[in-house]
Amino acid sequence: MKRDSGYSTMAEQQKQAEKLWDALKVTACVLGTGLLIFTALANTVSWYVQNIWDALGHFWQTTWLKLYYLFEGKEWTIFFLGAALVPSLAFWCFNGILMVADVTGKPTFITRYRIQLGKNDPVDTKKLRQAIYTALCNQFFISFPMLVLMFYIMKQWGNTFSKELPTFHWFLVELSIFTLIEEILFYYTHRLAHLPLLYKHIHKKHHEWTAPVGVVSIYAHPVEHILSNTLPVMTGPMIMGSHIVSIAAWFSLALITTSISHCGYHLPFLPSPEFHDFHHLKFNQCYGVLGVLDYLHGTDTVFRQTKAYERHRVLLSFTPLSESIPEAPKRAE
């Protein structure tokens with residue numbers, strides 16, 4: 001009986017070993033097949049991406065050369081177009097759409113995404129006209145002279161007017177560096193502007209809007225416009241000696257992004273403006289652009305305890321976050 005029991009145990013162990021081996025073979029077969037399919041797909045996708053990449057690169061390079069020769073290589077004209085005209089058009093076209101919504105309350109596709117409900121509904125047109133006037137003055141009398149200075153620095157320092165465009169990979173590297181420099185400079189100059197003396201005489205103007213609109217992004221005292229709005233954006237390209245095409249793209253992106261941060265609407269598929277909107281509401285929270293330095297310095301602790309923080313994400317549906325994540329009802333006194 002003992003011998004039979006021993007044979008039985010050995011047979012069971014052998015069967016388990018065979019099952020384990022079969023399982024390993026199946027696993028290896030599945031993983032091997034999956035790896036082959038993945039490799040084939042990756043190679044196919046990379047081949048298509050590379051072809052698209054090459055075609056786009058050729059298109060932009062050809063377009064740039066046509067533009068370059070159209071202006072006969074006149075560097076100041078090219079710089080003015082890229083660093084001043086293109087970003088300004090991007091800013092005013094984007095804000096023009098927002099101002100129609102602010103003034104008329106239409107289209108509802110925009111206004112239904114209002115962050116501070118009941119505010120700027122409609123906007124005070126007298127106050128808006130003052131903001132537009134100040135923004136234009138800042139652009140013409142501060143930003144433009146600073147761009148003239150930047151032009152002469154770039155002529156000596158960079159490869160700004162090269163006939164060969166930078167690669168897209170290098171532009172992404174530059175964009176990362178620009179963003180990091182902007183975050184550092186804007187955060188600390190912004191916090192400096194909140195010191196009582198500087199706030200009273202300089203930064204208070206910007207905070208007249210506790211519920212901001214897009215054009216308010218450059219509604220500021222001239223000193224603030226230089227130190228907080230313009231220098232943080234200009235410094236990166238000057239350090240990197242960037243191409244004018246990179247500068248045009250970065251300036252346009254920076255102006256549109258800050259307009260989104262101030263626009264007062266949490267629109268679908270765009271960056272969340274909740275962070276900076278909360279700063280205008282509470283004043284002493286959320287000083288930066290990305291929020292990295294706010295986290296490190298603890299200047300977002302109140303924000304992180306609010307519903308606004310829960311809404312601080314890219315909206316990937318058409319349901320307003322004010323509806324899906326509403327404010328808690330106020331307690332009756």
Distance-only donor-acceptor hits, side chain of residues 287-295, under 3.5 Å, sequence neighbours excluded:
{"unit_1": "D294", "atom_1": "OD1", "unit_2": "Y287", "atom_2": "N", "d": "2.7"}
{"unit_1": "D294", "atom_1": "OD1", "unit_2": "T299", "atom_2": "OG1", "d": "2.6"}
{"unit_1": "D294", "atom_1": "OD2", "unit_2": "Y287", "atom_2": "N", "d": "3.3"}
{"unit_1": "D294", "atom_1": "OD2", "unit_2": "G288", "atom_2": "N", "d": "2.7"}

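- Of all the heavy atoms in V216 and H206, the pair that sits closest is O-CE1, 2.9 Å.
- Between P232 and L227, the shortest heavy-atom distance links the atoms CD-O, 3.2 Å.
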Exercise. Can you list the steps and then say if S242 with F178 is a side chain to side chain contact (heavy atoms under 4.5 Å, CB included)?
Worked result: CA-CA 10 Å; S242 300; F178 298 163; 3.1 Å; yes
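- Checked by atom type and distance alone, the side chain of H279 pairs as donor or acceptor with a backbone atom of Q285 at under 3.5 Å.
- The CG atom of L270 lies 11.5 Å from the OG atom of S259; values are rounded to the nearest 0.5 Å.
- Shown here for I247 and A83, the closest heavy-atom pair between the two residues is CG2-CB, 4.2 Å.
- Shown here is K205, whose NZ atom has more than 12 heavy atoms of other residues, nucleotides or ligands within 6.0 Å.
- W157 is not listed as a side-chain neighbour of M238, based on a closest heavy-atom distance of 4.5 Å or more.
- Smallest separation of non-hydrogen atoms from S252 and V86: OG-CG1, 3.8 Å.
- Scanning all heavy atoms of the two residues, the minimum distance from I202 to H221 falls at O-CB, 3.4 Å.
- The side-chain heavy atoms of W250 and T179, taken from C-beta on, include a pair separated by under 4.5 Å.
- Note on ring orientation: taking the six-membered ring where Trp is involved, the planes of W76 and F80 are tilted (angle from 30° to 60°).
- Aromatic ring centres of F269 and F318: separated by under 6.0 Å.
- Considering every non-hydrogen atom in both L128 and V213, the closest pair reads CD1-CG2, 4.2 Å.
- Y188 has its ring centre less than 6.0 Å from the ring centre of H297.
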For this session: Would you please test V103 and T125 for side chain to side chain contact (heavy atoms under 4.5 Å, CB included) and show each step?
Result: CA-CA 7 Å; V103 172; T125 52; 4.3 Å; yes
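- For CZ of F161, the number of neighbouring non-hydrogen atoms (other residues, nucleotides, ligands) closer than 6.0 Å is greater than 12.
- Inter-residue side-chain proximity for Y265 and P273 is flagged as unmet; no heavy-atom pair is nearer than 4.5 Å.
- With sequence neighbours excluded, the residues satisfying side chain to side chain donor-acceptor pair (under 3.5 Å) with E224 are H203.
- For H194 and H207, the ring centers sit closer than 6.0 Å to each other.
- Using a 4.5 Å heavy-atom cutoff, the side chains of I142 and I226 are in contact.
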List, one per line, each side-chain donor-acceptor pair under 3.5 Å for residues 319-328, sequence neighbours excluded.
{"unit_1": "E327", "atom_1": "OE2", "unit_2": "R311", "atom_2": "NH1", "d": "3.4"}
{"unit_1": "E327", "atom_1": "OE2", "unit_2": "R311", "atom_2": "NH2", "d": "2.6"}

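- Within the 3.5 Å criterion, the main-chain N or O of K126 finds a donor-acceptor partner in the side chain of D124.
- With hydrogens and angles disregarded, a donor-acceptor distance shorter than 3.5 Å links the side chain of H262 to the backbone of T258.
- Taking the six-membered ring for Trp and thresholds of 30 and 60 degrees, F303 and H312 have ring planes more than 60 degrees apart, a perpendicular arrangement.
- At a cut-off of 3.5 Å, with distance as the only test, no side-chain donor of Q130 or Y219 sits close to an acceptor on the other residue.
- Residues I256 and V245 do not share a hydrophobic cluster, clusters being chains of Ile/Leu/Val/Met/Phe/Trp/Tyr side chains in contact below 4.5 Å.
- Using a 4.5 Å heavy-atom threshold, the side chains of F151 and L147 count as separate.
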For this session: Take W92 and L136, measure what side chain to side chain contact (heavy atoms under 4.5 Å, CB included) needs, and give me the verdict at the end.
Result: CA-CA 10 Å; W92 287 108; L136 286 169; 3.5 Å; yes
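- Looking only at side-chain heavy atoms (C-beta outward), F94 and I260 come within less than 4.5 Å of each other.
- Using modelled atom types, no side-chain atom of D277 and backbone atom of G264 make a donor-acceptor pair closer than 3.5 Å.
- Each of W64, W170, F171 was scored for a ring-ring contact (aromatic ring centres under 6.0 Å, His included) with H243, with one residue passing: W64.
- A donor-acceptor pair under 3.5 Å links the side-chain atoms of T230 to the main chain of H225, judged by distance alone.
- Using a 3.5 Å distance cut-off with no hydrogens or angles, the side chains of Y187 and R191 do pair a donor with an acceptor.
- Residues F71 and L81 form a side-chain contact, since some pair of their non-hydrogen atoms from C-beta on lies under 4.5 Å apart.
- Between H266 and Y113, a ring centre-to-centre spacing not shorter than 6.0 Å is recorded.
- Of the possible polar contacts, one joining the Q61 side chain to the K163 backbone as a donor-acceptor pair under 3.5 Å is found.
- Under the 4.5 Å side-chain criterion, counting only non-hydrogen atoms from C-beta, I110 is in contact with I97.
- Between the side chain of S217 and the main chain of G214, a donor-acceptor pair closer than 3.5 Å is present.
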For this session: Assess whether side chain to side chain contact (heavy atoms under 4.5 Å, CB included) is satisfied between R114 and D121, documenting all intermediate values.
Result: CA-CA 9 Å; R114 193 182 305 279; D121 189 18; 3.6 Å; yes
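- The backbone N or O of G105 sits less than 3.5 Å from a side-chain atom of T111, completing a donor-acceptor pair.
- N138 places no side-chain N or O within 3.5 Å of a backbone atom of S143 that could act as its donor or acceptor partner.
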